[in-house]
Visitor: 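Here you go, one structure.
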There are 2 protein chains.
Amino acid sequence: MSEGVEWGLHCCVTLAWLGDEEPVPAARLAERFQLPPAYLNKCLQALGRAGILTSTPGARGGFRLARAPERITLLDLVTAIEGPEEAFRCTEIRQRCAEANPASREFLRPCAIAAAMHKAELAWRKELAAQTLADLSAAAPRSARDAALRWFGRGEND
Amino acid sequence: MSEGVEWGLHCCVTLAWLGDEEPVPAARLAERFQLPPAYLNKCLQALGRAGILTSTPGARGGFRLARAPERITLLDLVTAIEGPEEAFRCTEIRQRCAEANPASREFLRPCAIAAAMHKAELAWRKELAAQTLADLSAAAPRSARDAALRWFGRGEND
DNA sequence: CCGAATCTGGATAAATATCATCCAGGATGC
DNA sequence: GCATCCTGGATGATATTTATCCAGATTCGG
Ligand code: SF4
Ligand code: SF4
């Protein structure tokens with residue numbers, strides 16, 4: 001799984017803590033986590049395209065959550081970064097069997113192997129969809145949240 | 001996910017169909033699915049090390065299932081090929097926070113993010129562990145099994 | 001005992017995906 | 001106007017996956 005998922009999760013949790021009063025520049029988030037600014041920006045762009053973040057260009061611009069943390073699931077986030085493809089990609093090696101008969105109808109329906117892997121993938125997605133950003137930010141210790149607020153200079157007004 | 005998982009699944013289902021009367025050479029399995037023989041062999045070796053297949057060297061040697069298909073789960077197979085690491089690897093970017101305080105005990109316990117991703121991974125593994133090779137070979141259409149038996153020249157005695 | 005078949009495992013190379021940087025363009029606020 | 005900041009494409013570096021090859025070791029059949 002791409003490293004950007006971890007980055008995106010941390011950034012989103014942080015944005016949830018900060019509230020969406022004013023956007024946070026990508027460079028500032030990168031600085032916070034000591035991540036490569038340009039590449040983190042690419043990840044945040046992906047989250048923007050997925051409708052998880054909204055971006056405002058220009059001075060005093062940046063990123064903020066596009067909707068309430070309660071309505072952003074981990075599945076949304078993972079899908080935005082990793083893409084919608086399943087982990088198990090079937091390459092249809094079955095059809096390459098030496099005596100494969102193209103006329104056979106058997107190859108049209110998904111086989112048991114693909115179905116089994118798909119079922120497991122669904123269980124994974126379901127679990128991710130059951131957890132929201134709000135859960136994450138609530139589960140973190142208060143001290144972590146306070147530290148983030150302080151670091152971003154929002155300690156007093158929130 | 002590595003392509004070898006699909007190969008391994010197909011090979012194991014086929015081996016389950018063929019029974020373990022006599023082993024099947026890797027080259028023959030590769031021929032069956034039109035896969036690169038040398039690389040497929042590497043995958044089968046991994047299954048061997050994981051205790052899913054047993055290999056017999058020498059003439060008339062090859063691979064066979066190490067135990068009954070009912071006792072080989074998809075999780076066994078996937079883990080053997082993909083390795084035991086979880087998809088989500090935490091790189092502890094939290095500790096890189098600008099004001100990270102090494103003395104803080106907060107960094108010792110796993111954070112909410114890692115816990116959430118781990119929970120989803122467990123759901124995936126659980127689903128994989130619930131399905132066995134026997135389920136797969138039973139779910140496949142009879143014609144597929146018959147074709148495999150015929151192709152391997154085992155149509156008469158099984 | 002000999003030779004063909006077959007696995008083992010390490011070295012190596014090719015192909016691909018991931019990670020990272022850079023830059024020109026456009027938008028926004030001061 | 002100018003500094004800030006996002007956008008998106010091009011490009012390069014690095015890591016992983018895929019694939020090949022070869023020198024042993026083992027077994028079988030004759
Ligand atoms: S038989 Fe199933 S797993 Fe194999 S190639 Fe076809 S769909 Fe994929
Ligand atoms: S806070 Fe959680 S997800 Fe982030 S680096 Fe630490 S353990 Fe990993």
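Please read these numbers as outputs of a predicted model, since none were measured by experiment. What's counted below: heavy atoms across the whole structure, side chains too, no hydrogens, waters or symmetry copies. Below, chains carry the letters A, B, ... as their sequence lines are ordered, and counting in each starts from 1.
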Visitor: At under 4.0 Å between heavy atoms, what does A:Ala26 touch on the DNA or RNA strands: base, sugar-phosphate, or nothing?
Guide: sugar-phosphate

Visitor: Heavy atoms within less than 4.0 Å of DNA chain D: which residues of residues 42-51 of chain A have one? Give them sorted by number.
Guide: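 Residues of residues 42-51 of chain A under 4.0 Å from DNA chain D: A:Lys42, A:Gln45, A:Arg49.
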
Visitor: Taking atom P of D:dT20 as reference, at what distance in whole Å does atom CG of B:Asn41 sit?
Guide: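 After rounding, the reported distance stands at 12 Å.
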
Visitor: Check the distance between C:dT16's P and B:Glu3's CD and give it to me in whole angstrom.
Guide: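 Going from CD in B:Glu3 over to P in C:dT16 covers 11 Å.
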
Visitor: Stepwise, does the ring-ring contact (aromatic ring centres under 6.0 Å, His included) test hold for A:His10 with A:Phe33?
Guide: CA-CA 9 Å; A:His10 272 277; A:Phe33 298 114; 5.4 Å; yes

Visitor: So that I can tick it off, tell me whether B:Arg64 and B:Glu21 are bridged by a salt bridge, with the cut-off set at under 4.0 angstrom between side-chain N and carboxylate O.
Guide: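 No, no charged N to carboxylate O under 4.0 Å.
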
Visitor: Is A:Leu47 close to A:Trp7 at the side-chain level, that is, under 4.5 Å between some pair of heavy atoms?
Guide: no

Visitor: Mind calculating the distance between CD (B:Glu82) and P (D:dT17) to the nearest angstrom?
Guide: 7 Å

Visitor: If you assign A:Ala38 and A:Arg89 each to the DNA chain C nucleotide with the nearest heavy atom, which residue ends up on the more 5' nucleotide?
Guide: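 Mapping each residue to its closest nucleotide by heavy atoms, the 5'-most match is A:Arg89.
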
Visitor: Looking at A:Asp76 and A:Arg67, does any basic side-chain N land under 4.0 Å from a carboxylate oxygen?
Guide: yes

Visitor: Whole angstrom is fine here: how far is it from CG in A:Leu40 over to C1' in D:dT7?
Guide: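 Nearest whole value for this atom pair: 15 Å.
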
Visitor: Quick check against the 3.5 Å criterion: does B:Arg154 have a side-chain atom that pairs as donor or acceptor with the backbone of B:Leu18?
Guide: yes

Visitor: Please report the distance, rounded to the nearest Å, between CD1 in A:Ile93 and C1' in D:dT18.
Guide: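 After rounding, the gap between these two atoms is 15 Å.
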
Visitor: Rounded to whole angstroms, how far apart are CZ on A:Arg28 and C1' on D:dA3?
Guide: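 The distance from CZ of A:Arg28 to C1' of D:dA3 comes to 17 Å, rounded to the nearest Å.
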
Visitor: On the nucleotide C:dT8, are OP1 or OP2 found under 4.0 Å from the side-chain N or O atoms that B:Ser55 carries?
Guide: yes

Visitor: Can the ring centres of A:Trp17 and A:Phe152 be said to be less than 6.0 Å apart?
Guide: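 For A:Trp17 and A:Phe152, the ring centres are not under 6.0 Å apart.
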
Visitor: Taking NZ, NE, NH1 and NH2 as the nitrogens, is one of them in A:Glu86 or A:Arg125 under 4.0 Å from a carboxylate oxygen of the other?
Guide: no

Visitor: Does A:Glu6 reach the main-chain N or O of B:Thr91 with its side chain, forming a donor-acceptor pair under 3.5 Å?
Guide: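 Indeed, once roles are kept as given, a pair shorter than 3.5 Å links the two residues.
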
Visitor: Using whole Å, report how far CD1 of A:Ile81 lies from C1' of C:dA17.
Guide: 16 Å

Visitor: Can you see if the side chain of A:Tyr39 gets near the phosphate of C:dC19 - specifically, an N or O under 4.0 Å from OP1 or OP2?
Guide: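 The answer is yes; a side-chain N or O of A:Tyr39 sits under 4.0 Å from OP1 or OP2.
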
Visitor: In whole angstroms, how far is the P atom of D:dC5 from the CG atom of A:Leu29?
Guide: 12 Å

Visitor: Classify every nucleotide of nucleotides 22-30 of chain D by which part a protein heavy atom approaches to under 4.0 Å, writing B for the base, S for the sugar-phosphate alone and - for neither, in 5'-to-3' order.
Guide: ----BBBS-

